[in-house]
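A quick write-up on the structure given underneath.
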Amino acid sequence: QVQLVESGGGLVQAGGSLRLSCAASGRTFARYPVGWFRQAPGKERECVAAISSSGGSTYYRDSVKGRFTISRDNAKNTVSLHANSLKPEDTAVYSCAVRARSFSVASSPNEYDYWGQGTQVTVSS
């Protein structure tokens, strides 16, 4: 089993930045792809970014390319999402998730197996 805890959310003005962190327990964490997802009220959950076990492959949705960066430190069992130039449309609950069924990255929420509790990101205008 994998336990995930997100942190780093908060209130930020448009144009600001946040550093979200996903801390994982479990000594096999390093072998799994990890994704960051977000869900705003009344909207579908969507993948923001994902990263392979080694960090060699990444995925970003078009709306965050050039603004968000995903990285991981397997020695510390953490995956980070650096969100820059934030916009009000980025407001959502951000969650990290582990894809235990495959070694490749994916963008669909139903491809992920373990989820954290989420952290709120609010971007004001």
Side-chain angles (χ1 to χ4, degrees):
Q1 294 185 319
V2 178
Q3 305 288 333
L4 305 171
V5 178
E6 303 96 333
S7 62
L11 175 64
V12 64
Q13 292 184 341
S17 300
L18 287 172
R19 302 175 189 269
L20 307 183
S21 180
C22 175
S25 63
R27 57 186 176 182
T28 61
F29 168 78
R31 70 188 300 174
Y32 300 131
V34 175
W36 277 99
F37 296 80
R38 67 186 182 189
Q39 186 169 30
K43 296 184 178 180
E44 296 288 330
R45 185 162 56 188
E46 62 186 21
C47 186
V48 177
I51 188 167
S52 63
S53 60
S54 67
S57 297
T58 57
Y59 161 84
Y60 297 95
R61 70 180 301 107
D62 288 343
S63 62
V64 308
K65 286 182 178 178
R67 300 190 297 120
F68 289 15
T69 302
I70 189 170
S71 62
R72 69 190 300 163
D73 186 339
N74 287 335
K76 297 181 179 179
N77 275 9
T78 58
V79 174
S80 297
L81 184 70
H82 291 196
N84 303 311
S85 301
L86 284 161
K87 306 173 181 179
E89 65 187 31
D90 295 318
T91 296
V93 174
Y94 284 70
S95 302
C96 63
V98 167
R99 193 185 192 208
R101 70 189 72 176
S102 174
F103 297 111
S104 61
V105 299
S107 59
S108 298
N110 60 11
E111 294 291 335
Y112 287 77
D113 305 291
Y114 300 98
W115 294 80
Q117 84 286 358
T119 185
Q120 177 71 47
V121 171
T122 303
V123 184
S124 65
S125 60

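Remember, predicted model here, so these are calculated numbers, not experimental data.
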Self-check item: Where Asn110 and Arg101 come nearest, the two heavy atoms and their spacing
Solution: O-NH1, 3.1 Å
Practice problem: Please answer: with hydrophobic residues joined when any side-chain heavy atoms are less than 4.5 Å apart, are Val105 and Phe29 in the same cluster? | Solution: no
Quiz item: Same hydrophobic cluster for Val121 and Trp115, using side-chain heavy-atom links shorter than 4.5 Å among ILVMFWY?
Solution: no
Quiz prompt | Expected output: side-chain Thr91 to main-chain Val123 donor-acceptor under 3.5 Å | solution = yes
Quiz item: Is the closest side-chain donor-acceptor distance between Ser104 and Arg99 under 3.5 Å?
Solution: yes
Quiz prompt | side-chain contact (heavy atoms from CB on, under 4.5 Å) partners for Gln117, two or more places apart | solution = Val5, Glu6
Practice problem: Taking all heavy atoms of Gly118 and all of Ser95, pick out the closest pair and write down the distance. | Solution: CA-OG, 3.5 Å
Quiz item: Atom CD1 in Ile70, atom SG in Cys96: separation rounded to 0.5 Å?
Solution: 9.0 Å
Quiz prompt | Nearest-0.5 Å distance that lies between atom CD in Glu46 and atom OG in Ser107 | solution = 10.5 Å
Exercise. Walk me through it: do Val64 and Arg38 pass the test side chain to side chain contact (heavy atoms under 4.5 Å, CB included)?
Key: CA-CA 12 Å; Val64 308; Arg38 67 186 182 189; 4.1 Å; yes
Practice problem: Scan residues 45-73 for pairs that pass ring-ring contact (aromatic ring centres under 6.0 Å, His included), counting only residues two or more places apart or in two chains. | Solution: none
Practice problem: Kindly give the heavy-atom pair with the smallest separation between Ala30 and Ser53, and that separation in Å. | Solution: O-CB, 3.1 Å
Self-check item: Asp62 bridged to Lys65 by N-O distance under 4.0 Å
Solution: yes
Practice problem: Heavy atoms only: give me the nearest Gln120-Thr122 pair and the separation to one decimal. | Solution: NE2-OG1, 3.3 Å
Quiz prompt | Spatial distance of atom CG (Asn74) from atom OG (Ser54) [nearest 0.5 Å] | solution = 8.5 Å
Which atom pairs, donor and acceptor, lie under 3.5 Å between side-chain atoms of residues 8-22 and protein residues at least two apart or in another chain?
residue: Ser17; atom: OG; partner: Asn84; partner atom: OD1; Å: 3.0
residue: Arg19; atom: NH1; partner: His82; partner atom: ND1; Å: 3.2

Practice problem: Looking only at non-hydrogen atoms, find the nearest pair between Asp113 and Ala100 and report the distance. | Solution: OD2-N, 2.8 Å
Quiz item: Is there a path of hydrophobic side-chain contacts, each under 4.5 Å between heavy atoms of I, L, V, M, F, W or Y residues, that connects Tyr112 with Val34?
Solution: no
Quiz item: Going hydrophobic residue to hydrophobic residue with side-chain gaps under 4.5 angstrom, can you get from Val93 over to Val98?
Solution: no
Exercise. List the steps and the verdict of side chain to side chain contact (heavy atoms under 4.5 Å, CB included) for Cys47 and Phe37.
Key: CA-CA 4 Å; Cys47 186; Phe37 296 80; 3.5 Å; yes
